Amino acid sequence: MLAPTIAHLSFVRDDGQPLAFIPGQFLQVHFHYADGTATKRSYSLATLHDHARGPGDAVEIAVSYVAGGAATALFEGLEPGGRIDASGPYGRFCLAPADANRRYLLIATGTGVTPYRAMLPQLEALFAQRDVSVVLLFGARSPDELLYGDEFRAFADRHPDRFRFVPCFSRIVPDAPHPDVRHGYVQQFLAEFAPDPETDIAYLCGNPNMVDACFEALKEAGLAVPQIRREKYVSSK
Ligand SMILES: Cc1cc2nc3c(=O)[nH]c(=O)nc-3n(C[C@H](O)[C@H](O)[C@H](O)COP(=O)(O)OP(=O)(O)OC[C@H]3O[C@@H](n4cnc5c(N)ncnc54)[C@H](O)[C@@H]3O)c2cc1C
C-alpha cells in the first residue's frame with residue numbers, strides 16, 4: 001500500500017516481453033461487469049525505466065480504491081500472482097523533448113502524480129542537456145497520501161537548482177514540515193510560482209476539478225492552450 005487506500009501494483013507481461021512506453025502514457029485494464037458486459041479503466045504507468053538496463057522493467061501502476069467501483073473490486077480480488085487483461089500504452093501526456101521551454105510546472109493530485117514519477121529519469125537526462133527547471137506541485141489530503149513523496153524529495157535534494165517539490169496538503173500538514181510544504185489546494189499556490197508564458201509549459205493530471213481550476217488560472221496568467229497539457233482522471237465506464 002502506498003497510502004491507506006492506494007495500492008502500488010506491479011505486473012509482468014505473460015509473454016515475458018517488456019512494455020515499451022513513453023513516460024506519461026497509460027494502459028487500459030479490460031474486464032467484465034457481473035452481467036458479462038465488457039468494460040475497461042485507464043491507469044497511468046508509474047514504472048521508473050532504468051535506462052542502463054533498458055525497458056525490461058515490470059509494469060507498475062498506482063490504483064486508488066473507489067468505494068463501489070467496478071475496477072476497484074477487480075483489483076481488491078487480485079491475489080499475488082493473479083492475472084489481468086490490459087492493453088496499451090496509450091496517450092500523449094508526455095514531455096516533448098523538442099519544446100523550447102525553460103521550466104516545467106508539473107501539477108497533480110492523488111494518483112495523478114504517477115506519470116511524473118515515470119518521467120523522473122527523463123527529466124534527469126534533460127537536466128544534463130539543457131537549462132531547464134521543474135516545479136512539482138502535488139496535492140494530497142495528508143502526509144500519508146503523499147505517494148512516492150520520499151522519491152520526489154530525494155530527487156529534489158539531488159537536483160536542488162533544478163527540481164522543486166512542493167507538497168500541498170489540504171487537510172493535515174506534517175509536524176515540522178519541509179519549507180516547501182504548503183497548506184491548501186494546489187491551485188491556491190500556482191500564483192506563488194509566477195506562471196510565465198515566455199518560459200513555462202504546464203502539465204495537469206488527476207482530479208478533473210483541479211485540472212479545470214488550474215487550466216483557467218494558467219490561461220489567466222497568459223499561457224496559451226498548447227502550453228497547458230492535461231490528463232483528467234475520469235471513469236471510462
Ligand atoms: C487517462 C486516465 C488515467 C488514469 N490513471 C489512473 C491512475 O493511475 N490511478 C487511478 O487510481 N485511477 C486512474 N484513472 C481513473 C481510473 O481509470 C478509474 O476511473 C478509477 O480507478 C475508478 O474506477 P472504478 O471502476 O473502481 O470505479 P467506477 O465503477 O468507474 O466508479 C464507481 C463510482 O465512483 C465514482 N468515482 C470514480 N472515480 C472516482 C474517483 N477517482 N474519486 C471519487 N469517486 C470516483 C464514480 O462516479 C462512480 O459513482 C485514470 C483515468 C484516466 C482517464
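Whatever order the structure lists ligands and atoms in, that order sets their numbers, starting from 1. Heavy-atom basis, side chains included; hydrogens, waters and symmetry copies ignored. All values reported here derive from a predicted model rather than from experimental measurement.
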A.B. asks: Go through the steps to decide whether Asp212 and Arg230 satisfy the test salt bridge (Lys or Arg N to Asp or Glu O under 4.0 Å), and finish with yes or no.
C.D. replies: CA-CA 9 Å; Asp212 289 344; Arg230 290 170 286 172; 5.1 Å; no

A.B. asks: Can Leu223 be reached from Leu204 by stepping across I, L, V, M, F, W or Y side chains whose heavy atoms are under 4.5 Å apart?
C.D. replies: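 As far as the 4.5 Å side-chain criterion goes, Leu223 and Leu204 are connected within one cluster.
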
A.B. asks: Counting N and O atoms only, with roles assigned by atom type, does the side chain of Arg41 sit under 3.5 Å from a partner on the main chain of Phe31, one being a donor and the other an acceptor?
C.D. replies: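 A pair under 3.5 Å: no.
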
A.B. asks: More than 12 non-hydrogen atoms from neighbouring residues, nucleotides or ligands closer than 6.0 Å to CZ on Arg141, yes or no?
C.D. replies: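 Counting other residues, nucleotides and ligands, CZ of Arg141 stays at 12 neighbours or fewer.
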
A.B. asks: Suppose I only count heavy atoms of Phe26 and a 4.0 Å limit; which atoms of ligand 1 are within that range?
C.D. replies: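 Near Phe26, meaning under 4.0 Å from one of its heavy atoms, ligand 1 has 1 (C).
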
A.B. asks: Below 3.5 Å, N or O to N or O, backbone or side chain included: is there any such pair between Gly68 and ligand 1?
C.D. replies: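 Between Gly68 and ligand 1 (N or O atoms, distance only) the closest approach is not under 3.5 Å.
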
A.B. asks: With backbone taken as N, CA, C and O and side chain as the heavy atoms from C-beta onward, which portion of Ala46 lies under 4.0 Å from ligand 1: side chain, backbone, both, or neither?
C.D. replies: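 Within the 4.0 Å criterion, Ala46 makes no contact with ligand 1.
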
A.B. asks: Identify the two heavy atoms, one from Pro174 and one from Pro177, that lie closest to each other, and give their separation to 0.1 Å.
C.D. replies: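 Heavy atoms of Pro174 and Pro177 come nearest at O-CD, 3.3 Å.
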
A.B. asks: Would you call Asp131-Arg102 a salt bridge at under 4.0 Å N-O?
C.D. replies: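 Salt bridge flag = no for Arg102 with Asp131.
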
A.B. asks: Flag Thr111 as yes when one of its N or O atoms lies below 3.5 Å from any N or O atom of ligand 1, and as no otherwise.
C.D. replies: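 N/O-N/O distance under 3.5 Å: yes.
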
A.B. asks: Do any heavy atoms of Val66 fall under 4.0 Å from ligand 1?
C.D. replies: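 Yes.
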
A.B. asks: Below 3.5 Å, N or O to N or O, backbone or side chain included: is there any such pair between Ala67 and ligand 1?
C.D. replies: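 No, Ala67 has no N/O under 3.5 Å of an N/O on ligand 1.
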
A.B. asks: With a cut-off of 4.0 Å, which atoms of ligand 1 are near a heavy atom of Val63?
C.D. replies: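 What qualifies from ligand 1 is 11 (O).
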
A.B. asks: If the cut-off is 4.0 Å to any non-hydrogen atom of Thr72, which atoms of ligand 1 fall inside it?
C.D. replies: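 Heavy-atom distances to Thr72 below 4.0 Å select 26 (O).
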
A.B. asks: Is it the side chain (CB and beyond), the backbone, both or neither of Lys232 that lies under 4.0 Å from ligand 1, heavy atoms counted?
C.D. replies: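 Just the backbone.
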
A.B. asks: For ligand 1, find out whether one of its N or O atoms is nearer than 3.5 Å to an N or O atom of Ala71.
C.D. replies: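 By distance alone, the answer is yes.
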
A.B. asks: Are there over 12 heavy-atom neighbours, none belonging to Gln129, within less than 6.0 Å of that residue's CD?
C.D. replies: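 Yes, enclosed.
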
